[in-house]
Amino acid sequence: MMLMFRSPLFLLLLYCATQTLGVKIESVPGVNSEGFIETELKKTVSLFCSSEADEELVWLRNGALVNLMEGNNKGRSSVCVTPVIYEDNDATFTCHLGRNTTVRDSVTLNVTYPPALSGSEEVAVEDAAMLVLRCDIWANPPVSSVSWTLNGSAVDLLGGGFTVTNDGFTSQLTTNRVFESLHEGTYQCTAISSVYGEYSKAFHVTVTEKTMKFPLMPMIAALVVVCLTALLAVVSRWDKITKCCK
Ligand SMILES: *[C@@H]1O[C@H](CO)[C@@H](O)[C@H](O)[C@H]1NC(C)=O
Ligand SMILES: *[C@@H]1O[C@H](CO)[C@@H](O)[C@H](O)[C@H]1NC(C)=O
Ligand SMILES: *[C@@H]1O[C@H](CO)[C@@H](O)[C@H](O)[C@H]1NC(C)=O
């Protein structure tokens, strides 16, 4: 017996057994060669984990325990992600044996979505005030380009005193001082996604007359003058008034 335990064949069999006694995740839709499951917002992803020995299984989502229904953890266990949301992008699901966390398999979700750009917005801006237009360009995969037009042609950055910034989430077109002749019109931002194509949003910008800001200090000065004059007038007439009252 002791001899048999030490035979190379036995060790080889033991090795094969521990290799196959692992856990494996399968999914709908399937896992690609890089270990990613490609999906989109609002869709459903079904994950199935199996261990060859009828062992207890544990699921983790980004390292946190996933609560499983009674009976959904012996030998085979499934987890359903529905609906898929933004936060599921890059989420890693891991299945491991209850008794040995090193016997595990993992998959990561790749949730693709277009930028949330559509429709149009009315924008009224006061003459000489600042104009700021913002477009939400957050998408997966990231958009390949963003462009701004005014009345159908590319905005004249220099001529219009515009600056464009892009932090990966928002593209912002700004000009510090609007002039009706230069800045009124229809603006449009367009983002191009390699997966979803073109997405755009329009802004109908009208320049309104500058409203008079209430000139507080001159008003106070004027009121003081009016009051003093009235007071002086009363004082100068006090003689007459008191005389009348007698
Ligand atoms: C867990 O499994 C690994 C790989 O099969 C093995 O090397 C290790 O000894 C096991 N650990 C325990 C505590 O069983
Ligand atoms: C996710 O899928 C998109 C579209 O197929 C791809 O361009 C991107 O590289 C993928 N991201 C990862 C992290 O695999
Ligand atoms: C854009 O078009 C509108 C309407 O035709 C016009 O009133 C406006 O002056 C134009 N804006 C510029 C900057 O040319």
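Indexing begins at 1, ligand by ligand and atom by atom, following the structure's order. As the structure is a computational prediction, the values presented were derived from the model and not from experiment.
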(message) Once you measure the plane-to-plane angle for H183 and F179, does it fall in the parallel (<30°), tilted (30-60°) or perpendicular (>60°) bin?
(response) parallel
(message) Given T101, L97, N100, identify the one with the heavy atom nearest to atom 2 (O) of ligand 1.
(response) N100
(request) Could you pull out, from T112, D90, N140, the option with a heavy atom nearest to atom 4 (C) of ligand 2? (result) T112
(request) Could you establish whether S181 and ligand 3 come within less than 4.0 Å of each other, counting only heavy atoms on the residue side? (result) yes
(request) For N32 and F36, indicate whether the former's side chain and the latter's backbone hold a donor-acceptor pair under 3.5 Å. (result) yes
(message) Test of understanding: given a 4.0 Å heavy-atom threshold, classify the contact between T186 and ligand 3 as side chain, backbone, both, or neither.
(response) neither
(request) Pull out every atom of ligand 2 sitting under 4.0 Å from any heavy atom of N110, numbered as shown with elements. (result) 1 (C), 2 (O), 3 (C), 8 (C), 10 (C), 11 (N), 12 (C), 14 (O)
(request) Could you tell me whether a side-chain N or O of N73 sits under 3.5 Å from a main-chain N or O of E56, the two making a donor and an acceptor? (result) no
(request) For T108 and D90, indicate whether the former's side chain and the latter's backbone hold a donor-acceptor pair under 3.5 Å. (result) no
(request) Taking atom 11 (N) of ligand 3 as the reference point, report whether a protein heavy atom occurs under 4.0 Å from it. (result) yes
(request) Ignoring angles and geometry beyond distance, decide whether E184 reaches within less than 3.5 Å of ligand 3 through its nitrogen or oxygen atoms. (result) yes
(request) Kindly state if atom 7 (O) of ligand 3 has a protein heavy atom within a strict 4.0 Å cut-off, that is, under 4.0 Å? (result) no
(request) Could you tell me whether the side chain of N140 and the main chain of N110 form a donor-acceptor pair under 3.5 Å? (result) no
(request) Say whether, by atom type as modelled, one donor and one acceptor occur between the side chain of Y187 and the main chain of V155 under 3.5 angstrom. (result) no
(request) Report, in ascending order of atom number, the atoms of ligand 1 lying under 4.0 Å from any heavy atom of T102. (result) 1 (C), 2 (O), 3 (C)
(request) Mind telling me whether W138 and F169 have parallel, tilted or perpendicular rings, with 30° and 60° as the class edges? (result) tilted
(request) For atom 14 (O) of ligand 3, find the nearest protein heavy atom and state the residue, atom name and distance (0.1 Å precision). (result) N151 ND2, 3.6 Å
(request) For atom 13 (C) of ligand 3, find the nearest protein heavy atom and state the residue, atom name and distance (0.1 Å precision). (result) L182 O, 3.3 Å
(message) If hydrophobic clusters are built from ILVMFWY residues whose side chains come within less than 4.5 Å, do I192 and I137 share one?
(response) no
(request) Please verify whether a non-hydrogen atom of E38 lies at under 4.0 Å from ligand 2. (result) yes
